[in-house]
Trainee: 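Pasting a structure here, questions to come.
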Amino acid sequence: MTSSAPSSPHFTACVSRDQATFRCWWSEGSFHNLSQPGALRVFYRYKKNSPWKECPEYIHSNKECFFDSNHTTIWTSCCVQLRSHDNVTYFNTEHCFSVENIVRPDPPVAVNWTLLGVSPYGLHYDVIVTWDPPASADVSMGWMSLAYEVQYRRWNSSEWTVVEVQGGTQQTLYGLNVEEEYEVHIRSRMKAFTKFGGYSDSIFIQLANYPGRESIFPVALVLGILAVVILLMLLLFSQQQRLTLLLLPPVPTPKIKGIDSEMLKKGKFEELNFILSGGGMGSSCTPLFYQDEPLVDCIELDPLDPADTGDKGGQSSEAQRLIGGRQASGRPTVGGLSHTLSFCDEDDDSVVGDPPNQDALWTLLTTPSPSPTSALLLPGQPELKQGFPGGRDPDPSLAHDGAPRPQAWLNTDFYAQVSDVMPSGGVVLSPGQQLRAQESTAAREGQKEKEEEEPEQQFQLVVMAADPVGDGYTTDAMNWQTGVVNGYHTLPAESVGDVIAPSVAVKSAEDYQPSYILPDASPTPARYLPPVSDYTIVQEVDYQHSLILNPPPPQAPAHQCLPLHPLKPLTPMPVGYITPDLLGSITP
Amino acid sequence: MQKNKKDEWSFAWLGALCLVLRTPTDTVRAAPICDNGQASCQVLSLADLFDRVIQHSSRMHGMSNDLHSQFEQYFLPSRNHISNRVNRNCHTSGILTPNGKENAQRLAVKELTEVILKLLWAWRDPLWHFHQSMAHHDDFNSFSSNKALVMGDLVHELRTGVEKVAEKMQNLGIISNLVNGLRSPEQLLPSPVRPQWSLMNDYDLLFCLRRDSNKVQSYLKILKCRIVPENDC
């Protein structure tokens, strides 16, 4: 740099390394003609009144004057002066100092580092930097007490981190980043003094490829996944029931002992209720005054081939008894199906009957197997039309094929008793309660027509239900007393008249009470059979291999007029019925 | 009446606390050196004594340096550090002190000890007065005035310690009896030559204190090295 004012020769620095010797450097300034060695001379003195002495040792190459220990006085002000060769004091300025104040110790030597520790996650580590005091400083004796300053930085950073070290020759550096290189250098100074010496040679610290670091992340990942899995399991177990409902919905079990619940579900409840409560007769509470009277007055059976019934002649009395009827005892037994069985006396001349036909029903029941060619005829087949008294049309709601329409479901009992087997092989069923109720009105009509077609031999079965609960049957009973309510097939063969089959309540719904045939209020043992439903549940078989049937529930009082509620808890009746097969095998 | 008692108790507590916390910066306290014949107290070796004394002296030197630099920064900020005043005359300049390491090593133990003690005795009164003058300076921060007070205590304790060391050395037969007149100021330079410390300004006083504390520290180290032989002495 060039300054306007010419600079005179001057001392650039005076430094002591060991507090025992010191050096002074000078410069000629802008007086370039004095740059050759010997052109300038150095003089010094300690005390103000002492004479000036020349530099004891010149080092002209460096423009340096070295003062050895013999010429060094500590704790005393020393002044140095530059003079020209001819001893003319060019330069008035004196450079005065005290030696202990210009001490700049040499940098420490043997700087080294050791690893102190690594952080748990392997991201940071600590090191200890150690060094030795400079050889020039007489620390061992204690002539010089040194303090140090450690500076370190990341290799690509320009800022140094400074750490003061008051005593000792080591320092710990904390929080160094793994995988980063650090540069460290140290300088020293005298304790209680401020002038530092030069920096030591830099050392480089780096901790590379710490093995523990890489293994952290997979572990953390596994732990995270484990935690999530555990949470899911807890959730599953806590919501187990809901999940099972969701994944495995409950399978609807088959229910019902009487009425199919689907009937109810499809809204036929009102119909059912309507039927059960009397079919809209208007009388919601009609006393069952026919309780004691036989509901079945006539049982008519069509005459059949004697061959079929020949072997069953002995059972006619039984059939009579079973079937019941007011005049069962007085009638000749019916030998076969072909015979019409008639117990009607107050019936008008529709009574036709051959006693042997009385056995038809029971025979049917006891026959091991019906005719294989028998077809199940349900009410409503076109053949019925012929047999109906007066050609009363069958219930249109009934199906033709034997497969009941869904509408006919209502009118057809869940189980229907096979009342008779036709010679053609068809099976005559006794209709359910509803059908009877529906056809009660039709029965009235039929009765009238029946009277007209008296000679016609029809094999009509009437099923009458004596439902103590349902009050609608009383009216039916009334009607049926006089006539025949034929809801189903009649045999196309010559009908001997109306036959009023013993009506047995078909339990189409669970709330049905089984009906029974009760000719008289006081049933005689001959003709009174304890009320037996169309099917009776076999409760158990006693030691004699006789069936103990589930007795029908006792008849409720006549004035009982409980509305039939389809959902009302019913008398628990086991589901089951006696098939002819079973009956034949278990009859003692 | 009760309030007075409460005040007395609080004062007593404060007093006890002050006694306990007196000289907080003085971490090095000379243990009571046992008189001969007392078996209960701890007997320190000469080396331990020297260590303690040297620690004391380094603390004194550090504190004097702080005082000087603070004074310089506060009152004389424009001062050029390199060009110090020439031949500052300290009141202790009359005491012949070895001016170099070799000179100090060549000096006899006894004389060296005497020099140390002289220096320490010379600074007892000036420091006390210096503290007084600092207290009246409103613009000088209280921290420095406290340091001045602590300095006086330090010098006093160091002096006591060095006397004990000298006593021990005498008992050990290392040195003969010291000059008894060390404590009297007459041992210093004759009065016409000796500058009165009362005439020195505070800045020069601090300068001189700093220099003398450095001397004492260095002398003590050389003394220890000569008396208690160690590895690299």
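Given the structure is predicted, the values throughout are model-derived calculations rather than measurements.
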Trainee: How far apart are the C-alpha atoms of B/Arg210 and A/Asn101, what are their side-chain angles, what is the distance that settles it, and do they pass the side-chain contact (heavy atoms from CB on, under 4.5 Å) test?
Mentor: CA-CA 11 Å; B/Arg210 180 162 154 253; A/Asn101 289 334; 2.9 Å; yes
Trainee: Report the C-alpha separation of B/Tyr219 and A/Trp143 in whole Å, then their side-chain angles, then the decisive distance to 0.1 Å, and conclude whether the ring-ring contact (aromatic ring centres under 6.0 Å, His included) test is met.
Mentor: CA-CA 9 Å; B/Tyr219 294 156; A/Trp143 177 245; 8.0 Å; no
Trainee: Go through A/Met144 and B/Ser218 one step at a time and tell me if the side-chain contact (heavy atoms from CB on, under 4.5 Å) criterion holds.
Mentor: CA-CA 8 Å; A/Met144 290 171 67; B/Ser218 301; over 6 Å; no
Trainee: Take atom CG of A/Asp201 as the centre, draw a 6.0 Å sphere, and report whether it contains more than 12 heavy atoms from other residues, nucleotides or ligands.
Mentor: no
Trainee: With sequence neighbours excluded, what pairs up with A/Asp18 under the salt bridge (charged side-chain N to carboxylate O under 4.0 Å, His left out) test?
Mentor: none
Trainee: Does CG in A/Leu116 sit with more than 12 non-hydrogen atoms of other residues, nucleotides or ligands closer than 6.0 Å?
Mentor: yes
Trainee: Should we say atom OH of A/Tyr174 is surrounded by more than 12 heavy atoms from elsewhere, each under 6.0 Å from it?
Mentor: no
Trainee: Within residues 64-72 of chain A, which residues come under 4.5 Å of chain B, heavy atom to heavy atom?
Mentor: A/Ser69, A/Asn70, A/Thr72
Trainee: Begin with the C-alpha distance, continue with both residues' side-chain angles, and end with the deciding distance and a verdict on side-chain contact (heavy atoms from CB on, under 4.5 Å) for A/Met141 and B/Lys224.
Mentor: CA-CA 9 Å; A/Met141 196 194 72; B/Lys224 180 202 172 185; over 6 Å; no
Trainee: Taking atom CG of B/Asn103 and atom CD1 of A/Ile74, what is their separation to the nearest 0.5 Å?
Mentor: 8.5 Å
Trainee: Hey, could you give me the CG/CE distance between B/Asn65 and A/Met190, rounded to the nearest 0.5 Å?
Mentor: 10.0 Å
Trainee: Can you tell me if A/Glu164 has over 12 outside heavy atoms packed within less than 6.0 Å of its CD?
Mentor: yes
Trainee: Quick one: pull up OG in A/Ser145 and CD1 in B/Ile54 and give me the separation to the nearest 0.5 Å.
Mentor: 9.0 Å
Trainee: Hey, can you tell me if A/Phe193 and B/His61 have their rings parallel, tilted or perpendicular (30° and 60° cut-offs)?
Mentor: tilted
Trainee: Compare every heavy atom of A/Ala192 with every heavy atom of B/Gly62, then report the nearest pair and how far apart it is.
Mentor: CA-CB, 4.0 Å
Trainee: Kindly compute the distance separating CZ (B/Arg211) from CH2 (A/Trp75), expressed to the nearest 0.5 Å.
Mentor: 10.5 Å
